[in-house]
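First the proteins, then the strands, lettered A, B, ... as listed; each starts at 1.
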Amino acid sequence: MSSLEDLYREVILDHYRSPRNRGELPSPPARRVEGFNPLCGDEIVVYLEVRDDVLVDIKLTGHGCSISQSSSSLMSAAVKGKPVSQVREIIANFKQLMMGHEATLGSDEAPTTADLRAMGELAALQGVVKFPVRIKCATLAWNTLAQGLDESD
Amino acid sequence: MSSLEDLYREVILDHYRSPRNRGELPSPPARRVEGFNPLCGDEIVVYLEVRDDVLVDIKLTGHGCSISQSSSSLMSAAVKGKPVSQVREIIANFKQLMMGHEATLGSDEAPTTADLRAMGELAALQGVVKFPVRIKCATLAWNTLAQGLDESD
Amino acid sequence: MAPGEPVSSFDPRRVRADTPLLRRVINERPITYLDSAASSLPPRAVIEAMSRYYEMRHANVHRGVYQTANEATAIYEGAREAIARFINAPAGANEIVFTKNATEGFNLLAKSWGHKNLKAGDVVLVSEMEHHANIVPWFQLREVNGIEVRFIPVNDDFRLDLTDIESLMEGVKLVSLTAMSNVLGTINPIKDLAALAHRHGALIAVDAAQSVAHSPSDVTDLDVDFFIFSAHKMLGPTGLGVVWTREAILDQMPPFLGGGGMIADVRVDGYTPANGPSRFEAGTPPIAEAAGLGAAVLYLEGLGMANIVEHERNLTSDALSRLASEFDGRVRVIGPSDTHSRGGVISLDVEGVHPHDVAQVLDQFAVCVRPGHHCAKPLMRRFNLAATARASFGPYSLTRDTDVLIEALHHALTMFG
Amino acid sequence: MAPGEPVSSFDPRRVRADTPLLRRVINERPITYLDSAASSLPPRAVIEAMSRYYEMRHANVHRGVYQTANEATAIYEGAREAIARFINAPAGANEIVFTKNATEGFNLLAKSWGHKNLKAGDVVLVSEMEHHANIVPWFQLREVNGIEVRFIPVNDDFRLDLTDIESLMEGVKLVSLTAMSNVLGTINPIKDLAALAHRHGALIAVDAAQSVAHSPSDVTDLDVDFFIFSAHKMLGPTGLGVVWTREAILDQMPPFLGGGGMIADVRVDGYTPANGPSRFEAGTPPIAEAAGLGAAVLYLEGLGMANIVEHERNLTSDALSRLASEFDGRVRVIGPSDTHSRGGVISLDVEGVHPHDVAQVLDQFAVCVRPGHHCAKPLMRRFNLAATARASFGPYSLTRDTDVLIEALHHALTMFG
Ligand SMILES: Cc1ncc(COP(=O)(O)O)c(C=O)c1O
Ligand SMILES: Cc1ncc(COP(=O)(O)O)c(C=O)c1O
């Protein structure tokens, strides 16, 4: 059962059981963006408040599996209070991580140990790449956040 | 090659090369009926003139394979000048002959030698039943004639 | 052996031995296949019928004169006859149209029959427990024709709420209902509803996708008007669906897809459609698939549909009672809890564990269940669920499969508990 | 080995050995299969890919989480990628829609793209040499939308008459043409016609049903807009067709068939379609068939499309010259008489012998040719024929096949002479 525990690391189960930044923000001023995975019915709503190019607050509602829920919780913790440019970097790094599966098959873009360390708790989601159908669960919140940032540009 | 010669008996090739009752009849008084095999494009036009319940004249035009052409020629020879009731009987017998394939597989309706003798030249078409796709060729003219008789009722 | 009659020799272990996929080992465990509602596992006889077809007889059908073309045509038309017999079609093979799946069947129904016979304000009555295949084509027709699509509600006991059925029938021209829900397992009283529909001057179409492999099908006895299903849910291949309708209805239906095989004539200024089932079978049909379906029908007839019913009812009854007693209410069955008028489709709601995660954990035990909305989103909304984890039985299922399911569910609960 | 590049090791005898059906003996003679234009014969690798799929990996695709469901999905989506590579689709697998056959592909084109983008008076330009699959759907659209369907005439030399093409282009919104005639063997100048269509602001759709297995396909180089074909004519299985179109066009096409798999959401009051190819793939798709098609693409790539072209050109050239010299003009080829821009489809008009009878006599020699109108009745009318007897080559064909064809034709002429 090693690979199952690879997927469901303690950090993930913890964020699933006790999601961070759960709730809504008054919008406006916050932006409200919906994400949707038609295949499994997972839904997510991201509220983001950007002031002076800083993501000052983020909240999440919605429902989904442990992977999509913990990923959104981990995301909120990682991006909250960060400058938008840095948030975009974190999103890019995370997407890179999710492509690990293909990347390790012959490119030089596989995440290094240093990369992973830099990601902190997010690295716990690395196990997802071994379960390709679940990658969409993990990236749902991130795509929704990216969309929210784009809409504000 | 025995079965090929079963199909293309001399009588059939003869009627194919020199079709009987080829041509048209003025209509009216004659009835004009079209038959059509959408699968192979064969077309046939039957002109029939019924007076006092007798099929006094019949002519045929159209084009098709040797089986459909010879069958129509053989048919015209067999029915011309006969009372309509007898024509219907000949049609029924011929259809029976064409079902021989299924009939011999376990029913008691297979044509007997006596039946076949009664059919005269028409019996030459018996070989067709061994070639199920060609049965439609053989019956095209007959169905067209039957339709013509029905329409006159 | 007459179709539908029990034979004492029915043995699920023999069916199992006939089914190559059940020898598969996953994560060091033999596979526990509990996803027959999504697609069933074909026996060797079906797989070999198709291989043999390609190895020995493959040719395009119709119009061919040579030996293999005749054989291919005989196989294709033979499957039509086998299906006509299997569902007891009153006028035989002339009433059987082959499509690519049940979904295309419902599109044929809506876009050919519906488009011709329904006008603005006419009602098509479906139910809240329908599969999208029996909903979306009606919505599409509504956009074109302005028909009304009305839903029979589903009760809290997971059955059709027929209390107001007489008033629901107002203006209804077609009742279109599933014989068995692919989420709840509920079996609907089709024969009664057919009588009701006809009393109101409406026709009735049956979605038999779920029922066809799990109960005897007799369209004559049910007295219905359309009967639609897929080969891949009855031990047959992908790529083939079936629409049965009465000859008199079929004869009046306008063409749907256009192309070769469905015409009597084509000129540069127009075309004349063919008669009979061919009118609805444009292009090269699923020939090898028909070979597979023919073999599947023979196989099912050999098992005896009544035996399958009994076997699956026993499995379902055992599973329902163990699921109820083992988990202190932490595993809820979304569907009728007794085996009265219900089949072997068991949707689960596991406390604190999302269906996706349930299925993921079960996969580690080589247990195959399907998470999701099962193409029945209106039903999911009705019960306030985003998804369920669904286990479903086939003729090859054994109580042992339920054992493993329960073991794995315990693990999921512990893991996320 | 890059697709399309000749490899010195191409050997039709090896292809023959790979093709189980060619071991068939009929009337005490080995089969002479000359009907690849109707359907090609799959190699063992294709048949086994499907059997193996059913034995090891069969499950419904999408939404599944368990191992075999993932594998089935990977096979299905892998076939999409293989096809995208095979025809050099600029944006890859996202541009590939799977249908049940080429005919459904043309219906999708007419009923989704055409229904949305064409209005009364708009012209769809086809040709007199089209297959019914590329005619009837346009006639059907004409009934709904009042479009005009215009025909490019065919010359006495069996090629498109392009003299007046500029005036024919008046009002044309879509040019829809076969890359290779299934009756004449004529190969049309698609790349030039694509440039012409675009110059007139029209799109161009290509019927690649006949060309796809007999020449390299490069939609990027051809610069066309739609490319439609069937798996069963490229050594693949029945029950599967392909529509390629540019991503930007696909994204704007409304749904066609409705049901499961093609939706993003369904509520009791409406539905939202999915994005990408899935929008056009309602219901359980042809999964095993995709496994077969994937194997067929690999097999064809292994042979090298350029090798196939060369091999079939040699066979055709030899056959055409022998047919011209052997029969004192009693056997007429309905199609170009040289191998310039023509493929290995040879339609015959045999003096005094109806095509049905030709095919019947040939069957006694185990020679498989197809008699009939070949779903091209407007073309038949153009040349005043009811039917032809058509012989056609595949990568497994040998000069020996032509020997037997000629021997059998002599017999037919004698018999009916
Ligand atoms: C040129 C051409 N177009 C279209 C088709 C239709 O293909 P299918 O019957 O596989 O739909 C065919 C084959 O019959 C063909 O030869
Ligand atoms: C009740 C029901 N109806 C229709 C369908 C559609 O069948 P298919 O996907 O084979 O078209 C299914 C299967 O998914 C089903 O369960």
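In this structure, chain D has heavy atoms under 4.5 Å from both the backbone and the side chain of C:Ile287. For C:Val61, the part lying near chain D is the backbone, with the side chain staying farther off; criterion is any non-hydrogen pair under 4.5 Å. Proximity to chain D (any heavy atom under 4.5 Å) is shown, for C:Leu257, by both the backbone and the side chain. The contact between C:Phe256 and chain D is made by backbone and side chain atoms together, counting heavy-atom distances below 4.5 Å. Only the backbone of D:Ser40 comes within contact range of chain C, judged by heavy atoms closer than 4.5 Å. Looking at D:Glu130, there are no atoms closer than 4.5 Å to chain C (heavy atoms on both sides), in backbone or side chain. Looking at D:Ile31, only its side chain comes within 4.5 Å of chain C, counting heavy atoms on both sides. The contact between C:His58 and chain D is made by backbone and side chain atoms together, counting heavy-atom distances below 4.5 Å. Proximity to chain C is absent for every atom of D:Ser230, based on heavy atoms less than 4.5 angstrom apart. Only the side chain of C:Arg24 comes within contact range of chain D, with heavy atoms under 4.5 Å apart. Contacts of D:Met380 with chain C are absent, with no heavy-atom separation under 4.5 Å from either backbone or side chain. Neither the backbone nor the side chain of D:Arg150 comes within less than 4.5 Å of any heavy atom in chain C.
Counting heavy-atom pairs closer than 4.5 Å to chain D, the top-ranked of the candidates C:Ala282, C:Gly372, C:Ala288 is C:Ala282. When each of C:Val266, C:Ile47, C:Ile263 is checked for heavy-atom pairs under 4.5 Å with chain D, C:Val266 comes out on top. No other option in D:Ala69, D:Pro273, D:Pro237, D:Gly261 has as many heavy-atom pairs under 4.5 Å with chain C as D:Pro237.
We find the CD1-OG1 distance between C:Ile75 and C:Thr68 to be 10.0 Å, quoted to the nearest 0.5 Å.
Checked against the 6.0 Å centroid threshold, D:Phe98 and D:Tyr76 count as a close aromatic pair.
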